[in-house]
Amino acid sequence: MERLKIVSVESKTEVGRLHAICRGSFKRYYPGFDGWYRAKVLPGIGSSRWVLKAISGDRMAGICIVKDDGAEKKICSLRVDVNHRGRGVGTALIAASIELLDDERPLITVPQEVMPSLSPLLEKFGFEAMAEYRNLYREGASEFFYNGTLASSTGIAETFDVRSSLDLVFR
């Protein structure tokens, strides 16, 4: 295996290019991904948002979007290229996120379809599954919260129905 390198992407142009590459895989689970990325990630680069890119040789092996806005520390999005799975890319991205956030237990949410493959990795880092929310991002689908809950993430009551207001979660 080629040496893996994790880099923080500083250029908004490069962050925009990464959005174009990865958006399809994120939109499948988060229909509001494009609007959130344009409204929150791009303007926050270097101040409250960071994009970490895993590089193996000359290829992008994974991407992770991280948030620290003073009120919340969160791994917002994590994706490992299918050709690089099982090679430590996810482990390296989570470790780099934890270091960047200076928090061993940041919030992360996981769609139900990804739980079987991602939960062992999260448990390896000591992340604790704390809540399951149905219909949060997609009708009929569950989102699992690790190291926090919707109330701790948004400051609103856990019974609030966010289906009509995705911006409350995508902060």
Side-chain angles (χ1 to χ4, degrees), residues 1-111 113-128 137 143-148 153 166-167 169-171:
M1 180 173 119
E2 296 180 345
R3 187 167 187 271
L4 185 65
K5 180 170 56 170
I6 306 294
V7 297
S8 179
V9 180
E10 306 293 328
S11 157
K12 289 188 180 185
T13 302
E14 175 70 3
V15 170
R17 190 180 72 73
L18 291 173
H19 172 248
I21 293 169
C22 298
R23 68 187 288 260
S25 61
F26 289 127
K27 280 186 67 161
R28 177 177 358 167
Y29 305 115
Y30 306 108
F33 182 79
D34 286 341
W36 168 80
Y37 199 90
R38 283 189 300 275
K40 302 292 183 175
V41 176
L42 285 173
I45 289 298
S47 61
S48 65
R49 312 284 172 150
W50 292 266
V51 175
L52 302 177
K53 180 169 71 169
I55 303 168
S56 179
D58 62 351
R59 300 203 48 171
M60 186 171 81
I63 185 172
C64 187
I65 302 169
V66 180
K67 168 188 173 184
D68 182 356
D69 64 1
E72 178 181 66
K73 294 182 180 198
K74 181 178 181 186
I75 298 173
C76 298
S77 304
L78 173 70
R79 182 181 186 282
V80 175
D81 178 75
V82 67
N83 296 316
H84 291 88
R85 292 185 184 158
R87 299 181 180 180
V89 175
T91 299
L93 284 167
I94 290 176
S97 298
I98 287 170
E99 183 176 335
L100 186 143
L101 293 169
D102 193 27
D103 186 349
E104 292 184 12
R105 295 181 40 85
L107 177 69
I108 187 171
T109 69
V110 180
E113 298 89 343
V114 181
M115 280 293 290
S117 60
L118 193 56
S119 62
L121 177 60
L122 297 177
E123 290 166 6
K124 173 181 171 180
F125 280 94
F127 285 27
E128 180 183 355
Y137 297 112
E143 189 79 7
F144 294 85
F145 278 57
Y146 282 77
N147 301 337
S153 170
L166 291 177
D167 187 54
V169 177
F170 283 117
R171 286 201 257 164

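One is the number of the first residue; the rest follow in order along the sequence.
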Once rounded to the nearest 0.5 Å, what's the spacing between atom [atom1] of [X] and atom [atom2] of [Y]?
X: Tyr146; Y: Leu107; atom1: OH; atom2: CG; value: 12.0 Å
X: Ile108; Y: Cys64; atom1: CD1; atom2: SG; value: 7.0 Å
X: Thr91; Y: Lys124; atom1: OG1; atom2: NZ; value: 3.0 Å
X: Leu52; Y: Ser77; atom1: CG; atom2: OG; value: 11.5 Å
X: Glu72; Y: Ser48; atom1: CD; atom2: OG; value: 11.0 Å
X: Arg85; Y: Ser117; atom1: CZ; atom2: OG; value: 6.5 Å

Checklist outcome for this item: The residue among Phe145, Phe144, Phe33, Tyr30 that forms ring pair (Phe, Tyr, Trp, His ring centres under 6.0 Å) with Tyr137 is Tyr30

Next on the checklist: Listing request: all salt bridge (charged side-chain N to carboxylate O under 4.0 Å, His left out) pairs with a residue in residues 89-110, at least two apart in sequence or in separate chains.
Outcome noted: Arg105-Glu128

Taking every non-hydrogen atom, the tightest pair across [X] and [Y]:
X: Glu10; Y: Ser8; result: OE2-OG, 3.1 Å
X: Glu143; Y: Val110; result: OE2-N, 3.4 Å
X: Lys67; Y: Leu101; result: O-CD2, 3.2 Å
X: Leu121; Y: Gly90; result: CD2-C, 3.8 Å
X: Ile6; Y: Leu93; result: CD1-CD2, 3.8 Å
X: Ala54; Y: Leu4; result: CB-CD1, 4.0 Å

Item to check | Pairs satisfying ring-ring contact (aromatic ring centres under 6.0 Å, His included), at least one member in residues 54-107, at least two apart | outcome: none

Item to check | Residue that, paired with Val51, satisfies side chain to side chain contact (heavy atoms under 4.5 Å, CB included) out of Leu42, Val15, Val66 | outcome: Val15

Determine all donor-acceptor pairs shorter than 3.5 Å in which one atom belongs to a side chain in residues 20-28; sequence neighbours excluded.
{"residue": "Arg23", "atom": "NE", "partner": "Asp34", "partner atom": "OD1", "Å": "3.1"}
{"residue": "Arg23", "atom": "NE", "partner": "Asp34", "partner atom": "OD2", "Å": "3.3"}
{"residue": "Arg23", "atom": "NH2", "partner": "Asp34", "partner atom": "OD2", "Å": "2.3"}
{"residue": "Ser25", "atom": "OG", "partner": "Cys22", "partner atom": "O", "Å": "2.9"}
{"residue": "Ser25", "atom": "OG", "partner": "Arg79", "partner atom": "NE", "Å": "2.8"}
{"residue": "Lys27", "atom": "NZ", "partner": "Asp34", "partner atom": "OD2", "Å": "3.2"}

Checklist entry - Is Arg49 reaching over with its side chain to a backbone N or O of Pro43, donor-acceptor style, under 3.5 angstrom? => result no

Checklist entry - Is there a donor-acceptor contact under 3.5 Å from the side chain of Asn147 to the main chain of Pro106? => result yes

Checklist entry - Any side-chain heavy-atom pair from Trp36 and Ile65 closer than 4.5 angstrom? => result yes

Item to check | Contact check, side chains of Leu118 and Phe127, non-hydrogen atoms, under 4.5 Å | outcome: no

Checklist entry - How about Lys12: does its NZ atom have over 12 heavy atoms from other parts shown lying under 6.0 Å from it? => result yes

